Amino acid sequence: QVQLVESGGGLAQAGGSLRLSCATSGLTFSRYHMAWFRQAPGKEREFVGNINWSAGLTSYAEFVKGRFTISRDNAEKTVYLQMNSLKPEDTAVYYCAAGLDIYKYYYWGQGTQVTVSS
């Protein structure tokens with residue numbers, strides 16, 4: 001059974017930092033591309049960024065470029081989202097996802113809440 005479990009969410013002040021983790025099990029992690037998405041209240045889920053299976057390539061949404069960094073540890077089967085210079089508009093539930101196609105994600109975590117206060 002595939003499981004993706006996010007952690008590290010919480011409350012941060014504007015300008016602060018949080019690091020999210022997504023621990024996986026039940027899949028050959030090193031074969032999967034990983035991504036982070038987020039969904040704010042009343043809004044559609046949106047792409048934050050992704051990292052390919054080898055960690056050689058990352059891609060980010062424009063609104064997080066220069067502030068967020070995705071990394072992965074294939075030995076630990078974990079993907080990370082380092083969030084710096086947080087803004088109130090970053091408040092959302094953050095989800096990690098896994099897929100064999102970098103544009104299609106089959107497995108999803110349950111999400112972790114990030115709240116940024118001004």
Side-chain angles (χ1 to χ4, degrees):
Q1 182 180 359
V2 175
Q3 286 192 311
L4 281 66
V5 180
E6 300 96 336
S7 61
L11 179 64
Q13 290 190 329
S17 299
L18 284 174
R19 189 193 196 205
L20 306 184
S21 300
C22 172
T24 72
S25 61
L27 53 74
T28 306
F29 180 76
S30 59
R31 293 183 58 197
Y32 282 78
H33 308 297
M34 300 297 296
W36 288 94
F37 291 77
R38 70 185 188 185
Q39 187 167 20
K43 294 189 175 181
E44 297 285 319
R45 185 170 59 194
E46 61 184 356
F47 171 80
V48 173
N50 61 17
I51 186 166
N52 77 332
W53 65 273
S54 68
L57 292 173
T58 54
S59 176
Y60 299 94
E62 199 61 39
F63 55 79
V64 302
K65 278 184 180 178
R67 300 189 300 124
F68 292 8
T69 303
I70 297 174
S71 61
R72 65 188 293 161
D73 184 332
N74 284 353
E76 295 294 324
K77 301 183 180 181
T78 300
V79 64
Y80 304 96
L81 178 65
Q82 177 67 44
M83 305 186 293
N84 298 327
S85 302
L86 284 163
K87 304 175 181 180
E89 51 264 44
D90 293 320
T91 295
V93 177
Y94 284 72
Y95 299 91
C96 68
L100 293 174
D101 182 324
I102 196 121
Y103 298 110
K104 293 182 182 179
Y105 295 93
Y106 302 103
Y107 302 111
W108 294 79
Q110 82 291 345
T112 186
Q113 176 71 47
V114 171
T115 303
V116 183
S117 62
S118 58

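In this text, all values refer to a predicted model and were calculated from it rather than measured experimentally.
- The main-chain N or O of F29 is found under 3.5 Å from a side-chain atom of R72 such that the two form a donor-acceptor pair.
- Minimum heavy-atom separation, P88 to S118: CG-CB, 3.8 Å.
- Closest heavy-atom contact between G26 and V2: O-CG2, 3.4 Å.
- Between the CD1 atom of I102 and the CH2 atom of W53 there is a distance of 11.5 Å, given to the nearest 0.5 Å.
- Note on ring orientation: taking the six-membered ring where Trp is involved, the planes of F37 and Y105 are perpendicular (angle over 60°, cut-offs 30° and 60°).
- With hydrogens and angles disregarded, no donor-acceptor distance shorter than 3.5 Å links the side chain of Q110 to the backbone of V5.
- Between A35 and N50, the shortest heavy-atom distance links the atoms CB-CB, 3.7 Å.
- Taking the six-membered ring for Trp, F68 and W36 have ring centres at least 6.0 Å apart.
- Of the residues V93, L11, L20, L81, the one that meets the side chain to side chain contact (heavy atoms under 4.5 Å, CB included) test with V114 is L20.
- A donor-acceptor pair under 3.5 Å links the side-chain atoms of R67 to the main chain of F63, judged by distance alone.
- For E46, the CD atom is densely surrounded, since the number of other residues' heavy atoms within 6.0 Å is greater than 12.
- The two atoms that bring V79 and I51 nearest to each other are CG2-CG2, 4.1 Å, heavy atoms only.
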- request: Kindly indicate, with the supporting measurements, whether the criterion side chain to side chain contact (heavy atoms under 4.5 Å, CB included) is fulfilled by S25 and K77.
  value: CA-CA 7 Å; S25 61; K77 301 183 180 181; over 6 Å; no

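- Using a distance-only test at 3.5 Å, with no hydrogens or angles considered, no donor-acceptor pair links the side chain of S21 to the main chain of S7.
- With rounding to the nearest 0.5 angstrom, the OH atom of Y106 is 10.0 Å from the NE2 atom of H33.
- E89 is not listed as a side-chain neighbour of V116, based on a closest heavy-atom distance of 4.5 Å or more.
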- request: For Y60 and I70, run side chain to side chain contact (heavy atoms under 4.5 Å, CB included): C-alpha distance rounded to whole Å, both residues' side-chain angles, the deciding distance at 0.1 Å, then the answer.
  value: CA-CA 9 Å; Y60 299 94; I70 297 174; 3.7 Å; yes

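- Distance check, rounded to the nearest 0.5 Å: CE of M34 to CG of L4 gives 5.0 Å.
- Side chain of N52 to main chain of L57: a donor-acceptor pair is present (N/O by atom type, distance under 3.5 Å, no hydrogens or angles).
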task: Kindly indicate, with the supporting measurements, whether the criterion side chain to side chain contact (heavy atoms under 4.5 Å, CB included) is fulfilled by Y94 and R38.
output: CA-CA 4 Å; Y94 284 72; R38 70 185 188 185; 2.9 Å; yes

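- Rounding to the nearest 0.5 angstrom, the gap separating the OH atom in Y80 from the CG atom in D73 is 5.0 Å.
- Linking ILVMFWY residues whenever their side-chain heavy atoms come closer than 4.5 Å, directly or via other members, leaves Y103 and L27 in distinct clusters.
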task: In sequence, state the C-alpha distance, the side-chain angles, and the governing distance for T115 and S117, and then conclude on side chain to side chain contact (heavy atoms under 4.5 Å, CB included).
output: CA-CA 6 Å; T115 303; S117 62; 5.8 Å; no

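- Among all heavy-atom pairs drawn from E6 and G111, the shortest one is OE1-N, 2.9 Å.
- Here SG of C22 is found 13.5 Å from OH of Y107. Values are rounded to the nearest 0.5 Å.
- Of all the heavy atoms in S30 and N74, the pair that sits closest is CB-ND2, 3.8 Å.
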